[in-house]
Undergrad: 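One structure is given below, represented as structure tokens, and several questions about it will come after.
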Number of protein chains: 2
Amino acid sequence: MSAAKKKGKRARRRSAPGKKIAIAASREAAQRAVSEGELSGLIGYALRRAQLRVFDDFYAALSVEGITPARFSTLAIIDGNPGISQTSLAQTLDIARSGVVMLIDTLEQLDLVSREPIEADKRSYALHLTRGGKTALQRIRRQVAIHEARVCARLDEKEKKWLLKMLARVGAAR
Amino acid sequence: MSAAKKKGKRARRRSAPGKKIAIAASREAAQRAVSEGELSGLIGYALRRAQLRVFDDFYAALSVEGITPARFSTLAIIDGNPGISQTSLAQTLDIARSGVVMLIDTLEQLDLVSREPIEADKRSYALHLTRGGKTALQRIRRQVAIHEARVCARLDEKEKKWLLKMLARVGAAR
DNA sequence: TTAAATTGTTACGTACCATAACAATATGCA
DNA sequence: TGCATATTGTTATGGTACGTAACAATTTAA
């Protein structure tokens, strides 16, 4: 069941041991309460911070499975679009084709995805979830749901919906 | 005045030449309209997409100056907290101290920031904007404002405020 | 005074991703 | 039909960002 695991360490930042505010240096200039000033009004800054936190939580919850955000997205897209090609997947994920190769290599090693030859075009593969991939995805989905709830703890249902809508507008291509 | 520039290329993704939908392969399975399915309902996915777009725009607008999002944040924080230490900056940016070293190295080479020795503590430096750094920051701010407007084109003032508020909630530490 | 902590730094490793070039295959068109 | 062109997956290469670990210099605390 857990063919996963590999060498998936990674835990991103969170270097502060315990909220130590560097009081010792406060005699100097402006150390005591560092102001983020104009930055807090910038979408990009707010996005980065939010994404950092969300991804951290995702890693913490799912790296034991060998699953990263990109790998989960890949699984979900293949599940929703069985037989999809690598190029098509690259476009959907908005990454280069070469990146998909590595992604699928890994997922194949984890026995979650298979490349199946397709007679209609001998250059390309049809990507499918393996049987194990399907059951793993179910399990992973439950984890993701819990992660999602944790990350959205400060939002009610309506707010979350709104946030997704606004993010979609900002993220809309072109 | 423009000691900047260096080797700042970089333009991130946007590999699709012109919206080609891979119709040719449509006979097979589900190629025609790839569905993102469950992913569109996930905060992390929406965040990633939005951030990718916003950062792309930022790079496009400011890489000629040698300025990246991280470098701009650094300049803004130093400007708002003159004399700040590298460690304090690291905590504020939420990155490792070693990362700040590189960041400041670069900014120092660009003549935008200076490390000034401090008698009270011979281990640390007080970071300051140089004269050139201050004028550059003004210029950069104007660029950033334009970038910000472009990125938020689909949001009215109220929506943007709301979005920032929600993002702050999601991004709130712990 | 001595042990522990902090600061900036370097070395190192890794994740991620783009670009460019390629061979095999497919398609379009004269 | 035949040939130029495009597409697919792949590899090689390189860059960027960032963390961890170890260190010397210095400061703080006991």
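Lettering of chains follows the sequences in order, A, B, ..., and the numbering in each one begins at 1. Model, not experiment: these values are computed from the prediction.
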Undergrad: Counting side-chain heavy atoms from CB outward, which of D/dT11, C/dC16, C/dT25 is closest to A/V101?
TA: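 Of all the options, the side chain of A/V101 is nearest to D/dT11.
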Undergrad: May I have the step-by-step check of side chain to side chain contact (heavy atoms under 4.5 Å, CB included) for B/M166 and A/M166, ending in yes or no?
TA: CA-CA 10 Å; B/M166 293 302 111; A/M166 295 300 110; over 6 Å; no
Undergrad: Using five base pairs at each end to define the local axes, how bent is the helix from C/dT1-D/dA30 to C/dA30-D/dT1, to the nearest 10°?
TA: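 Rounded to the nearest 10 degrees, the bend comes out at 20°.
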Undergrad: Output all residues satisfying ring pair (Phe, Tyr, Trp, His ring centres under 6.0 Å) with B/H128, sequence neighbours left out; order by chain, then residue number.
TA: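 None.
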Undergrad: Can you tell me which nucleotide in D/dT8, C/dC16, C/dC17 comes closest to the side chain of A/S124?
TA: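 Among the listed nucleotides, the one closest to the side chain of A/S124 is D/dT8.
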Undergrad: Please list, chain by chain and in numerical order, all residues satisfying side chain to side chain donor-acceptor pair (under 3.5 Å) with B/R97, sequence neighbours excluded.
TA: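 For B/R97, no residue satisfies side chain to side chain donor-acceptor pair (under 3.5 Å) once neighbours in sequence are set aside.
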Undergrad: In whole angstroms, how far is the P atom of C/dC17 from the OH atom of B/Y59?
TA: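 It is 13 Å, rounded to the nearest whole Å.
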Undergrad: Between atom CD1 in B/I67 and atom C1' in D/dA17, what is the gap in whole Å?
TA: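 Answer to the nearest Å: 16 Å.
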Undergrad: Going by the rule side chain to side chain donor-acceptor pair (under 3.5 Å), which residues pair with A/R141 if we only count those two or more places apart in sequence or in a different chain?
TA: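 Only A/D79, B/E38 meet the side chain to side chain donor-acceptor pair (under 3.5 Å) criterion with A/R141.
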Undergrad: To the nearest angstrom, how far is A/I118 atom CD1 from D/dG9 atom P?
TA: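 After rounding, the reported distance stands at 10 Å.
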Undergrad: C/dC17 P sits how many Å from A/M102 CE, rounded?
TA: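 A/M102 atom CE is separated from C/dC17 atom P by 8 Å.
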Undergrad: Rounding to a whole Å, what distance do you find between B/E119:CD and D/dT27:P?
TA: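 Rounded to the whole Å, the gap is 11 Å.
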Undergrad: Partners of A/R131 by salt bridge (charged side-chain N to carboxylate O under 4.0 Å, His left out), sequence neighbours excluded?
TA: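 Scan of A/R131 (salt bridge (charged side-chain N to carboxylate O under 4.0 Å, His left out), adjacent residues dropped) gives none.
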Undergrad: If the condition is salt bridge (charged side-chain N to carboxylate O under 4.0 Å, His left out), which residues does B/R49 pass it with, not counting sequence neighbours?
TA: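 B/R49 satisfies salt bridge (charged side-chain N to carboxylate O under 4.0 Å, His left out) with B/E36 once adjacent residues are dropped.
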Undergrad: Does the side chain of A/Q86 get closer than 4.0 angstrom to OP1 or OP2 of D/dT10 through an N or O atom?
TA: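 Looking at the OP1 and OP2 atoms of D/dT10, one of them is under 4.0 Å from a side-chain N or O of A/Q86.
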Undergrad: Would you call the rings of B/F55 and B/Y59 parallel, tilted or perpendicular, taking 30° and 60° as the class edges?
TA: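 Because their plane-to-plane angle is over 60°, the rings of B/F55 and B/Y59 count as perpendicular.
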Undergrad: Taking CD1 from A/I95 and C1' from C/dA18, how many angstroms apart are they, rounded to a whole number?
TA: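 Answer to the nearest Å: 11 Å.
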Undergrad: From CD of B/Q91 over to P of C/dT6, roughly how many Å is that when rounded to an integer?
TA: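 From B/Q91 CD to C/dT6 P: 10 Å.
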Undergrad: Nearest whole angstrom, please: distance from the C1' of C/dT7 to the CG of B/D105.
TA: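 Spelled out: CG on B/D105 to C1' on C/dT7 is 15 Å.
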Undergrad: Name all residues meeting the side-chain contact (heavy atoms from CB on, under 4.5 Å) criterion together with B/S124; count only those two or more places apart in sequence or in a different chain, and write none if there are none.
TA: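 Counting only residues at least two positions away or on another chain, B/S124 forms a side-chain contact (heavy atoms from CB on, under 4.5 Å) with B/I118, B/D121.
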Undergrad: Who passes salt bridge (charged side-chain N to carboxylate O under 4.0 Å, His left out) against B/E116, sequence neighbours left out?
TA: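 Result, salt bridge (charged side-chain N to carboxylate O under 4.0 Å, His left out) vs B/E116: none returned.
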Undergrad: Could you run down the sub-3.5 Å N/O contacts of the protein with nucleotides 21-24 of chain C?
TA:
none

Undergrad: For DNA chain C, whose closest nucleotide is more 5', that of B/S98 or that of A/A70?
TA: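 Residue closer to the 5' terminus by nearest nucleotide: B/S98.
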Undergrad: What's the closest nucleotide to the B/D121 side chain, out of D/dT27, D/dT8, D/dT10?
TA: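 The closest nucleotide is D/dT27.
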